[in-house]
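Structure record follows, encoded as C-alpha cells.
Each residue takes its place number in the sequence, starting with 1. Keep in mind it's a predicted model, so treat the numbers as computed, not measured. Start at 1 and go down the list; that is how both ligands and their atoms are numbered. Atoms considered below: every heavy atom in the structure, side chains included; atoms not considered: hydrogens, waters and symmetry mates.
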Amino acid sequence: MVLPGICFADANASFDDAQFVICGVPFDRTASYRSGARMAPNAIRQASYNFEAYLFEHDVDLSDIPMNDLGNVDECGSPDGMVEIVREIARRIVNAGKFPVFVGGEHTITIPVVEAFDDIGVISIDAHLDYRPEYLGVKYSHACVTRRISEHVGVENVLVFGVRSISAEERSDKMPNYIDAFTIHKEGVEKAFRRAARMMEKERVFLTLDIDGIDPAFAPGTGTPEPFGLTPLEVKKCINMLGKRMVGFDITEVSPPYDEGNTAALAARMMREAIAVVWKNRR
Ligand code: MN
Ligand code: MN
C-alpha cells in the first residue's frame, strides 16, 4: 500500500512512536492546466535536507520531534481509488491520535484527508475558491475541493484565505466564507487572519495550503499560477497564529517540472514550520 522512498528530513520515528505522520500522495490526474504535482512529494522530501533541524525563532529542534514518514501512497490511479485509499490511511493516523501531514499531489488529496476527521473547521490558503459542484464531469477534482469538504464539515466551517479567482458558476451558489487577497493586502495579514480564525467556530482546525495561495513570484512551480498572492512570510504568520488549534496540515499543488527548486524548498519549509509550531504549543 505504501512504498518506501526517501524520508522527509528528521522523520526518524516509527509510526507507533510518532506524534506527526507524513504521507505523500503523488496524484495529479485531474490537473486542468499543467500537471506534474505527482512528482512533488519526493521533490519536497529532497528539498527538506536543505534546512537546519533547529528552528531558532521557535527554539525547536525537529530532530527532537517524533515524526514518521509513511512514504507515498502507490494507488493513485482514478480519483475514486485515490480518495478511498487516502481516506483509509488518514483515518489510521487520526484514530491513533497523531497529527497528519499530507503532501500532494494536487489539491484533490485534501478531500479524503479531511473526511478522516469529525467536528473540525477547515482553512484553505488558496488563490482559488475550488467550489465547483463538479469539473469536466469529475466530482473529485482540484476545482471542487472546498465543495466536497463543505459537504463533510458544513459550508459554515470552511474558510478560504487569499482567494483571488472565483468563477461566475461558484458565485451563484451558497459560498464558503472567504477573505480575498486584495482585502488581505489592504488590511494586513495579521488583522485579516485573526478575523479568519475568529470566524471559525470550531476550535479544531485543519489547515490546507494550496501553494498557489502564495504569489507565483515566490512559488512559480505550480499548476495554476495566479498573480496578486500572499508572500511566504505572510503564510508563515498564519501558521503561527493558528498554532495549537491546528489538528492537521497539508501542502498541495507544487509542480516540480515548473520549478527550479525554490517552490519545493518553500513547501518543505512550510511543513517544518507547521510541525514545529504545533509541537511548541503542545510542549
Ligand atoms: Mn486549490
Ligand atoms: Mn489553487
Side-chain angles (χ1 to χ4, degrees), residues 25-38 40-41 44 79 82-83 86 102-115 122-136 138-153 155 158-167 169-171 173 175-182 184 196 205-232 234-235 238 248-259 263-264 266-267 270-271:
V25 188
F27 176 82
D28 62 6
R29 189 56 82 83
T30 81
S32 49
Y33 178 47
R34 42 191 216 187
S35 65
R38 67 187 177 280
I44 292 169
M82 180 280 291
V83 163
V86 171
F102 275 79
V103 193
E106 57 172 69
H107 207 173
T108 319
I109 72 134
T110 305
I111 298 166
V113 177
V114 166
E115 285 175 349
V122 176
I123 295 180
S124 177
I125 298 180
D126 198 330
H128 310 93
L129 200 63
D130 288 352
Y131 198 63
R132 285 181 160 91
E134 55 176 56
Y135 191 58
L136 307 173
V138 181
K139 205 173 121 212
Y140 291 128
S141 160
H142 68 99
C144 312
V145 178
T146 52
R147 173 68 72 125
R148 294 289 90 76
I149 286 173
S150 296
E151 291 164 356
H152 182 68
V153 303
V155 69
V158 177
L159 186 140
V160 186
F161 193 78
V163 68
R164 48 206 188 270
S165 168
I166 300 173
S167 66
E169 183 187 3
E170 291 168 306
R171 260 239 112 114
D173 269 292
M175 296 161 81
N177 293 314
Y178 68 87
I179 299 179
D180 69 76
F182 306 106
I184 296 166
V205 176
F206 185 91
L207 180 64
T208 173
L209 175 56
D210 179 328
I211 201 79
D212 70 31
I214 296 172
D215 195 86
F218 300 101
T222 192
T224 320
E226 187 75 37
F228 315 121
L230 307 186
T231 68
E234 286 171 337
V235 172
C238 296
F249 177 74
D250 72 19
I251 189 144
T252 66
E253 297 290 345
V254 172
S255 183
Y258 299 91
D259 190 24
T263 313
L266 181 58
M270 290 304 184
M271 286 170 67

Quick one: pull up CG in D210 and CD in E253 and give me the separation to the nearest 0.5 Å. 5.0 Å
I'd like the atom name of the N/O/S atom in H107 lying closest to the Mn ion (ligand 1). ND1
Per residue D126, nearest N, O or S atom to the Mn ion (ligand 1) is named OD2
For the Mn ion (ligand 1), find the closest N/O/S atom on D130 and give its atom name. OD2
Considering only heavy atoms from C-beta outward, does the side chain of I166 approach that of Y178 to under 4.5 Å? yes
Atom OH of Y258 and atom OG of S35: how far apart are they, to the nearest 0.5 Å? 6.5 Å
Could you tell me which N, O or S atom of H128 is nearest to the Mn ion (ligand 2)? ND1
Among N, O or S atoms, D210 approaches the Mn ion (ligand 2) most closely through OD2
Within the structure provided, determine whether P79 and V138 are in side-chain contact (heavy-atom separation under 4.5 Å). yes
Out of curiosity, D250 CG to L207 CG, how far, rounded to the nearest 0.5 Å? 8.0 Å
Taking 2.8 Å as the cut-off, does E106 contribute an N, O or S atom near the Mn ion (ligand 1), distance below it? no
